[in-house]
Structures are given as structure tokens and as C-alpha cells.
Student: 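Please see the structure below; I have some questions.
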Protein chains: 2
Amino acid sequence: MTQDDSPPAAAQPDRFAHAREAQAVALLEDYVEMIGDLMAELGEARVADIALRMGVAQPTATKAVARLKREGLAVSRPYRGVFLTDSGAELADRVRARHRTVVAFLVAVGVPEEVAELDAEGMEHHVSATTLRAFEAFLAEKG
Amino acid sequence: MTQDDSPPAAAQPDRFAHAREAQAVALLEDYVEMIGDLMAELGEARVADIALRMGVAQPTATKAVARLKREGLAVSRPYRGVFLTDSGAELADRVRARHRTVVAFLVAVGVPEEVAELDAEGMEHHVSATTLRAFEAFLAEKG
DNA sequence: TTTTAAATATAGCCGTGGCTATATCGCATG
DNA sequence: CATGCGATATAGCCACGGCTATATTTAAAA
Ligand SMILES: [Mn+2]
Ligand SMILES: [Mn+2]
Ligand SMILES: [Mn+2]
Ligand SMILES: [Mn+2]
């Protein structure tokens, strides 16, 4: 080998910034997806149900909903259910589809279902559009 | 279909708790791996170099090092370089190996190198031992 | 219609992980 | 050996995402 095969140090900060960026929206994505699920199942998403499914205390869910509202992803009136805005619903659909693809892909390469589900919940937020397409292509040609 | 094919709501909190758990150690893993790199390259890891490569301000790196010390992963004396403890070095090696496997796996399934490097930096922290073994098996039988 | 229980909001705490500004220290240079 | 500069530490700010305890509101029951 005539050249160093490790990434140049100068490129590293971008990698970490990229990961930090993805992480910053991860929680929003999970909340939005789950609120979409609850709306589909029950017609509305109550804070108590959100907290229960996320495995957090109720004030934690209330605070997260406040952030979703600030970001224009959800709407709600005091003491009532939470609803997604158009852009929130659109995000929820994208996130849900990505989640399913990541799980299916992991299973396809030999990861047990339960483990795939656990790992995908964190991994999914770092899967770029390009990588997602690679996963889809793999699934397509594997059948 | 006679049954619901989506995961039961009762299982969801564990998924999210699992992802939160992985995320809580993600930064420690990246710092430890990078300090190991710097020690190998330069003999010691200076806070300035750590900050530069992580793409953060110097006090941010200093604070992270303080946490590493509290967790028993690193040692340092004021105004001197940072060094890994045995358990820190051991963690660094594991994390580095996992990082390489994840990148190689992504490339093997068709993700461009640069994208694989970016996505892996975040994904790696959510790849369990079981999933990692599946990735290794895939790489082995693909050659 | 009153009372009570459940749901939600609010207050206030903590640790993490960013930042800027500034104080302090160590070392090379003059 | 003094001094100045670069590296490190410290102080203090912020947002996020957890938590418990408590106030408030809604809605059901009496
Ligand atoms: Mn998730
Ligand atoms: Mn998900
Ligand atoms: Mn990483
Ligand atoms: Mn890494």
C-alpha cells in the first residue's frame, strides 16, 4: 500500500457533526411516528398513551409534545388530545416506512426479529436516504 | 390474516428504553475510540486534538474528558495529555472493531464508502452483539 | 348538581452536551 | 530568568430530555 487507508483526520469532524445532527431529530421522529399510530388506532393521541408507549413519565411526554408544536409537527389544546399537522403526518409516514425497511433488512441478513426490532429503533435515525435505497435494493433482489 | 402483525404496544417502551440506553454511551464510545487513535498516532491525546477531531469547542472536549475520568475510562493531570485506562483501551478496541465491521458491511450491501462512513458513525452505537455477528457472518460468506 | 377521580399542566430538580469569554498554567523564546 | 504565547481550565450561559411533586381541569359518578 502506498497510501494511508484510514480516513483523514480532517474529515472526522464532519462525520461526528452528521451523527449529532441525526440524533437531534431522532426523538421528534419517534414521537411523530407513534402519535400517527395512536391516531390511526384510536382517532386521537392522548398524552397518557404517548407517555405509556414511549416508556417515559407523563410530564416528559407533555414537554416533548410542546417541542413538536414549536416545530410545527403537531397541534393540541390544553387538556385535549394531540394531533399531527400535515407536515407532521408526512414525516410520520416517512419515518414509519424507514423503520419497516430497516427491520426487514436486518431480518433479511440474519438478525432475529426481536433483536432487529430493538436495534432498528436506534439505528433507523442514522440511515440516510442513500443507505435506505441500498437496503431496499437488497430486499428487492433477495425476495 | 387472523392476527395483528404490528408489535404489541406493551413491547414498545422496552424498544425505546433500549435505544436511549445505547445513546447514553454513544459519546463515550466515540471519545474513547478517538483518544485511542491519537495515542497510537502521537503517543498521547491532547485536549486540543480531541476537540479538533470531534468538531467541538475545546471546553466541550474538556468536559467530556472529565466524564471519561469519572467513568474510569481515562486518566489525566491538569494541563497534560489524556490517556486511556485498561478498561478504556479495551472499550476503544471493541468500538473500533465494530465501527470497521459496520462500515465494511454497509459497503458490502451497496452503500457508497463516504455515505457508509457518515451513517456508520451514528448507527454503530445501536448495533448489538447479535447484529454485529450477523454482519460478520454476511461479510465472511460474501468474501 | 355536587363530588370525586383521572388526565393534564406546571414547577422545579438533575445530568448531558453544546457554546463564549476569560483566567490560569507551561513552555519556548528572547 | 523573564515574558509572552499557546494550551488548558474555569465560569457561566443555553436547550434538551429525563424525573417527582403538586396544581388544575375535565369528565364521570353519586
Ligand atoms: Mn427510533
Ligand atoms: Mn421507529
Ligand atoms: Mn460513532
Ligand atoms: Mn465510530
Side-chain angles (χ1 to χ4, degrees), chain A residues 12-35 38 42-83 121-122 125, chain B residues 12-35 38 42-83 121-122 125:
Chain A
Q12 300 208 144
D14 309 277
R15 259 170 45 206
F16 294 114
H18 186 260
R20 283 195 295 268
E21 189 61 36
Q23 195 56 40
V25 292
L27 257 216
L28 293 183
E29 291 179 346
D30 283 336
Y31 271 96
V32 151
E33 179 186 358
M34 161 166 307
I35 290 171
L38 288 167
L42 312 174
E44 69 174 347
R46 305 297 310 216
V47 167
D49 296 332
I50 296 170
L52 194 67
R53 293 206 184 177
M54 287 295 294
V56 297
Q58 167 259 310
T60 300
T62 298
K63 227 193 264 186
V65 167
R67 196 174 157 218
L68 292 179
K69 291 167 75 172
R70 258 191 294 130
E71 306 273 350
L73 298 169
V75 289
S76 76
R77 293 180 3 251
Y79 295 97
R80 313 319 279 252
V82 180
F83 301 88
E121 197 58 76
H125 308 284
Chain B
Q12 302 209 145
D14 309 279
R15 260 168 46 206
F16 294 114
H18 187 260
R20 283 194 296 267
E21 189 60 36
Q23 195 56 41
V25 292
L27 258 217
L28 293 183
E29 292 180 344
D30 283 337
Y31 271 96
V32 152
E33 179 186 357
M34 159 166 308
I35 290 171
L38 287 167
L42 313 173
E44 69 172 347
R46 307 296 309 219
V47 167
D49 296 331
I50 297 170
L52 195 68
R53 294 207 183 176
M54 288 294 295
V56 297
Q58 168 259 309
T60 301
T62 299
K63 226 193 269 188
V65 168
R67 197 176 157 217
L68 292 180
K69 291 167 74 172
R70 257 190 296 128
E71 306 272 350
L73 298 169
V75 288
S76 77
R77 290 178 9 248
Y79 295 95
R80 313 318 282 251
V82 180
F83 301 88
E121 198 56 77
H125 308 284

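Chain letters run A, B, ... following the sequence lines, proteins first and then strands; every chain starts at 1. Side chains included, hydrogens not; waters and symmetry mates left out as well; all remaining heavy atoms used.
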Student: Could you check whether B/Ala57 gets within reach of a base, just the sugar-phosphate, or nothing at all, counting any heavy atom under 4.0 Å?
Tutor: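 The residue B/Ala57 makes base contact.
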Student: Of A/Pro59 and B/Met54, whose nearest nucleotide on DNA chain C comes first from the 5' end?
Tutor: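 Looking at DNA chain C, the more 5' nearest nucleotide goes with A/Pro59.
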Student: For D/dA9, does either OP1 or OP2 sit under 4.0 Å from a side-chain N or O belonging to B/Thr62?
Tutor: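 The answer is yes; a side-chain N or O of B/Thr62 sits under 4.0 Å from OP1 or OP2.
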Student: In whole Å, what is the span from the NZ atom of A/Lys69 to the C1' atom of D/dC16?
Tutor: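 So the two atoms are 18 Å apart, to the nearest Å.
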Student: Going by atom types alone, do A/Glu121 and B/His18 pair a side-chain donor with an acceptor below 3.5 Å?
Tutor: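 A/Glu121 vs B/His18: no donor-acceptor pair found between side chains.
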Student: Taking atom CZ of B/Arg53 and atom CD of B/Glu33, what is their separation to the nearest 0.5 Å?
Tutor: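 Atom-to-atom, B/Arg53:CZ and B/Glu33:CD are 11.0 Å apart.
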Student: Map A/Arg67 and A/Arg80 onto DNA chain D by nearest heavy atom, then report which one ends up closer to the 5' terminus.
Tutor: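 In this pair, the answer is A/Arg67.
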Student: Output the rounded distance in Å from CZ (A/Arg70) to P (D/dC14).
Tutor: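 Atom CZ in A/Arg70 sits about 15 Å away from atom P in D/dC14.
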Student: Find which nucleotide of DNA chain D each of A/Tyr79 and A/Leu28 is nearest to by heavy atoms, and output the residue with the more 5' nucleotide.
Tutor: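 This one resolves to A/Leu28.
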Student: Under a 4.5 Å cut-off applied to non-hydrogen side-chain atoms, are B/Met34 and A/Phe16 in contact?
Tutor: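 B/Met34 reaches A/Phe16 side chain to side chain.
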Student: Taking atom C1' of D/dA15 as reference, at what distance in whole Å does atom CG of A/Leu68 sit?
Tutor: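 That distance rounds to 15 Å.
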Student: What is the distance, to the nearest angstrom, from the NZ atom on B/Lys63 to the C1' atom on D/dA9?
Tutor: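 About 12 Å, once rounded to whole Å.
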Student: Of all of residues 19-27 of chain B, which get a heavy atom below 4.0 angstrom from DNA chain C, listed by number?
Tutor: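 Heavy-atom contacts with DNA chain C come from B/Leu27.
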Student: Nearest whole Å is fine: how far is D/dA7 P from B/Arg77 CZ?
Tutor: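 In whole Å, D/dA7 P and B/Arg77 CZ are 19 Å from each other.
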Student: Side-chain N or O of B/Thr60 less than 4.0 angstrom from OP1 or OP2 on C/dG17?
Tutor: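 For C/dG17, OP1/OP2 do not have a side-chain N/O of B/Thr60 under 4.0 Å.
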Student: Against B/Ile50, only a single residue in B/Thr62, B/Thr60, B/Val56, B/Leu38 fulfils side-chain contact (heavy atoms from CB on, under 4.5 Å); can you say which?
Tutor: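 Going through the options one by one, the only one that passes is B/Leu38.
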Student: Starting at CZ of B/Arg46 and ending at P of C/dG26, how long is that distance when rounded to a whole Å?
Tutor: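 For the pair B/Arg46 CZ and C/dG26 P, the rounded distance is 11 Å.
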Student: Less than 4.5 Å apart, side chain to side chain, heavy atoms only: is that true for B/Val82 and B/Lys69?
Tutor: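 Counting from C-beta outward, B/Val82 and B/Lys69 never come under 4.5 Å.
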Student: Give a yes or no on this: more than 12 heavy atoms of other residues, nucleotides or ligands lie within 6.0 Å of atom CD of A/Glu44.
Tutor: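 Yes - once you tally the heavy atoms of other residues, nucleotides and ligands closer than 6.0 Å, there are more than 12.
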Student: Taking CD1 from B/Ile50 and C1' from D/dT8, how many angstroms apart are they, rounded to a whole number?
Tutor: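 Distance, rounded to whole Å: 12 Å.
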Student: Establish whether the base of D/dA7 is bridged to the side chain of B/Gln58 by a donor-acceptor pair shorter than 3.5 Å.
Tutor: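 When only heavy-atom distances are counted, B/Gln58 does not reach the base of D/dA7 through any donor-acceptor pair under 3.5 Å.
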Student: Rounded to the Å, how far apart are B/Leu52 CG and D/dG6 C1'?
Tutor: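 Taking CG of B/Leu52 and C1' of D/dG6, I get 14 Å after rounding.
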Student: Within a strict 4.5 Å, meaning less than it, do heavy atoms of the B/Ile35 and B/Leu68 side chains meet?
Tutor: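 Result yes, sub-4.5 Å side-chain heavy-atom pair found.
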